[in-house]
Amino acid sequence: MAAISSEGDLDFNQLKVLARDELIRTLESMPDSKDLVIEPKLMKILDRIAGAQLLRNHGASKIFKLELNSPKTDSGQRMYICRPTAENMKVIADHIKSDKQGGKKTSYTVALIPKKMYICEVIMEEEGVYGDVTFEECKLGLIPLDNDILSLELPEFFKSFYLHGDQSWISPIVNSLINLQVIFHKIPNISSQGRCAKMVLEMTKTIENLQGGVLGDPDHQIGHLFLIDREVDMVTPLCTQTTYEGLVDETFGINCGYCEFGKDVTGTDKNIKLLLNYEDDVFEEIRNRHITNVFSFLKAQAQHVQSGYMKGKNITQIGQMKDFVSNELKDLKQQSKSLTIHIGASEKILQQTTNEPDSKEHLQTEHAILEGIGYKDSFSFIEEKLDRQASASKTLRLMCLLSLTSNGLPSKDFKTLQSHFLQSYGYEHLLTLNNLRLCGLFTEQQSTEVSKLSMSDVQKLADKALKRTAFRAICKKWNLIPKDNVQLQNPSDMSYVFSGVYTPLICKLIEQTLMKSPSSTLEEVVKLLPGDNCTFTRTMSAKGKGSGAAKSSSKVVLVYFLGGCTFAEIAALRLLGAMKGYKFMFATTSIMNGNTLIDSMIDNGKGKS
Amino acid sequence: MSVRYSLKGDEEDEGYWNQKEKRQNFFDDADDENEIIDWTGTRIEEFTGSQVTSARGTNKNASFTKPSRPVEIANNFPKTGTNKEISSQSEPKPEQPKPTQTSASKSYHKKSASLTIGTKNLSKPTSSSASSLESAVKRDSKLSHTEVSKLYAEVTSLKRKLQSSERSRWDAPKVSDTIIRMVMGEPFSLEMYKSLPDKLTLLDSAIEYHDGNSITAIVLFLKKTLKNSIFISELRKRPVAINHYAVYLRSMGDEEVLASQLQILGRKEEAAMCRYRLTLQESSPQARYQSMKKCTDSYFEGSKILHRETVLLREQCSLLNKQILIEGADSKASRERKPPFADCPKEAELYFLPLITTLYYCCKYHFNQSQSSISSPESLVKEFNMSEKQYVMTAAKACANQRKWADLDTLLAPKKWIMKTKKPTVGFDRIVGILLKAKAPNDILQKYMLMMDDTTKRLETAKKYKIHSVVIETLKQMRDLRGLQNYRTEVTYGSSEDIQLQTLLKNTSIKWKT
């Protein structure tokens, strides 16, 4: 399989082709023309791999969004494309029942992405429509979002696994991993950290054993796999990212690679939806830059485009003009369109930090919390922010950060912030705070009466205490909080993604593992991290042994984030790769940031829990 | 990706069966292929029929470790499956490895093939040295005693297998096989498992495989087929199973059932939070008040772990109660156009708003009422033990938004503090922030800006919002001559600020910083 492109990168296009084939197969499983009803959340994913034309070429006559009401159509065949959730099944069952009442005769196929869950059949059976439905699995796993990012696009995974302990999505993750290794061959070196990672690893082992392929493959195109739980480092997603891409995500929201910019950014009277990836030259150049280093580039680029147009004006000969129009003008137009948006976007981002009166203070407080200085000031800043009823999710981010870095708040402080939060935003947010507590994001330091404990309890407590004071200890051991000023313009330290204040822990863990730091220090830190750590190398299979020793592919590293990753972490690892000669590829359950994380935890009793 | 895998599905499936076939072959005991090799390359154990399961997972010692997935199950399968599986199989499903007639007949074919190969193998040692075909045939037609007995043994074993496969049509397949089918997403049936140990082994192995989907399926099967008390007591021993049961109940949307089941399963705190969540669905204030009170009394009160939550719920109850009282009086006053609603009728209802918003409301309409009145801000502050900061900031916002500058003055004058402290608890930078948000007129801004202690910050804010007199005054306080000189460009020539600036520059009594 020639999955390596000329630059030695893995070719994710192959994944895209396979995903498209799978979609086509699913569509063709219901021959002839049919109506499609698609779950709104999946629209963007399908857009990325197929587009409406492809759907139409394979029998889709009309396309609807999955809504409470059955689509008004007379077609005799209908295919639903959705996630295998109970909610979706109930809606579909209602559609079918109301169609029946209306005397419509329709045959239904329910295509479930990425697999059929047991609960789907249960609900259809209970609703009495099992016989009317044909189930189909559409095994869309990892979607290539960029030339180095793959995503399952399952933003709900964090909440369902870490809050509810739901392990239903472990198997789709395992399948995605196995499929990746079918294309890029078995990965010889594997490291994992965290409880979800452990489960994924064990299930992968089970299935590989069943399929009879546990040995390493000398033709491997990925040298090292990291499976890492989001839970290992919750500090990173809560911090304000300071790279351009990270800030665009936090300000405008990037969804499946698409970002919608409002009128204030585009400078026109309509919103523009832009696909942000490596194909956009301007974006590719600035995405990993620190925000303070973006404008200068955009300015220079704008001048470049300007002079390009000027050149066109000065052309006198027809032949030259033809050349200019057919070659350069198109590029210039494309560039100036993308420039306009990126200039608008970075302006908006900078405006936000200057216009909002306390945004500067907010950032300063965030940095003080990370550095572990001025606890009292940070605390009263948060308290005032609560009392002023400032943005709830931003304040919650600070609250959680304070709690995480001090390994739980002292009882009195915890109670103060808790009641001020509830008083400002409503007592029903007790549910929100409860969720945050269960995920370990906002907790109270436990005060226990030692005299009443048994020996084993003491041991447990000691272990807990060790993990609890962990954050500061890890920071110290790995120098996560740089003492010197970090260069933001020409970064040489991963912490630049947070303005030189904090190095994302997971990135450091990967660096230390790859650089083979003395195992004693690695062990010391690793035992402070949540969940188990596991590192091993597969034995190579006998065939073709020795053919590919020390190939370039051993420098290709796949990092699989379980529970989501931030653009800051991606940028940090891209920098690490550039400095140390590694090529990092990313797979994740979804791209996340502090806002999406906090929003997923918010529950005020309305809607589903 | 997936497609590749699924396209290969049938082929691989076949290979899969073949492999099993080989593994069950009598003569292949010492074959290398039967070794199980761990990822790290250590050879775990010699492969014998009884250890198939270990190749599939880590649970080598599990009690259900027996020859797994014999061919019979495949032949058997469509019959043992429930009706739904048959119906679903009639549809085209290329991605699912189907143990249909074709694959079954293939495996039989393989079986007979293996027998013939076996015979050939037996003749092999001699054939190589044979000089002529005739003599070879002669020699080969005579089987040695051991060869014959081996063949007999195989025949007996196959007979036995055939019998058992006929018998096992209605038997439950091995637990380990079913679990593998479930994990691999193949059709399965649980109906045959009638004994309790079997059911529990099913559940335990699903948990061991970490497959949530299988765990849910088995939990629901246990729920359906076990007496409730047994179901509950077995589930209580397995927290992971409870998690999945709770996820299932939650997704079905019946929180009442979820709460009561969690309660029985020993997750009292979780159940209590569920009940609390339910009370929030009440849309009428009175009904919500009643159900919230009841919920607190019966599920929160007395629990040590939920002590804090109990306190907070009580607070929420009294807030709602207070809102009901105030709203009752005020909506009447508003209808009758009585003060404070004489000129402006009430806008929105007060119910369910946060405490701080309620305080804002009271500051807006009942600012100067006596403390004894239920709707006065003071009574609210007292009842809920709110901090001075909370009060001052909310009241300042209310005054600023309504342009009640005199009230703001009294509020910020030291004597008006509720608790006696000398230093104001709220910095004037915050007050200025509130005023700026309320778009207060310049003279008011000026007045409070000058009260900001931090001169650098004051200068920065004043410059940003172009409050010239404050900038000039601050520069004077900082004795920054250069700053003042530079600022002349910002000020309109001949304006009062310009005059102020000029006088300062001419003033020789000021000792400027050098």
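Each chain gets a letter, A, B and so on, in the order its sequence line appears, and its residues count up from 1.
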Main-chain N/O of [Y] paired to [X] side chain as donor or acceptor, under 3.5 Å:
X        : Y        : value
A/Lys90  : B/Met252 : yes
B/Arg308 : A/Lys415 : yes
A/Asp166 : B/Val247 : no

So for [X], is it side chain, backbone, both, or neither that comes closer than 4.5 Å to the heavy atoms of chain A?
X        : value
B/Phe384 : both
B/Leu313 : side chain
B/Ala246 : neither
B/Leu280 : side chain
B/Ile215 : side chain
B/Leu436 : neither
B/Lys397 : side chain
B/Gln281 : side chain
B/Leu353 : neither
B/Met393 : side chain
B/Val311 : neither

* To do: For atom CD of A/Glu87, decide whether the heavy atoms of other residues, nucleotides or ligands shown that lie under 6.0 angstrom number more than 12.
  =>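 Counting other residues, nucleotides and ligands, CD of A/Glu87 stays at 12 neighbours or fewer.
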
* Any chance you could lay out the side chain to side chain contact (heavy atoms under 4.5 Å, CB included) test for A/Glu428 and B/Gln316, step after step, and finish with the verdict? => CA-CA 8 Å; A/Glu428 55 277 10; B/Gln316 186 176 15; 3.7 Å; yes

Can you confirm whether [X] sits close enough to [Y] that some side-chain heavy atom of one is under 4.5 Å from a side-chain heavy atom of the other?
X        : Y        : result
B/Asn243 : A/His164 : no
B/Leu220 : A/Tyr118 : yes
A/Leu422 : B/Pro354 : no
A/Arg388 : B/Lys437 : no
A/Ser424 : B/Leu355 : no
B/His210 : A/Ser171 : no

* To do: Let me see the working for B/Ser251 and A/Thr85 under side chain to side chain contact (heavy atoms under 4.5 Å, CB included), right down to the final yes or no.
  => CA-CA 8 Å; B/Ser251 72; A/Thr85 62; over 6 Å; no

* Asked: Is a side-chain donor-acceptor pair under 3.5 Å present for B/His244 with A/Gln167?
  ->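 There is no such pair (donor and acceptor under 3.5 Å, judged by atom type) between the side chains of A/Gln167 and B/His244.
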
* Side chains of A/Gln389 and B/Thr357: do they bring a donor and an acceptor to under 3.5 Å? ->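 A pair is found: one side chain offers a donor N or O, the other an acceptor, under 3.5 Å apart.
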
[X] versus chain B, the contacting section by heavy-atom distance below 4.5 Å:
X        : result
A/His429 : neither
A/Glu28  : neither
A/Glu126 : side chain
A/Ile170 : side chain

* Assess whether side chain to side chain contact (heavy atoms under 4.5 Å, CB included) is satisfied between A/Asp387 and B/Ser387, documenting all intermediate values. => CA-CA 9 Å; A/Asp387 295 349; B/Ser387 77; 4.3 Å; yes

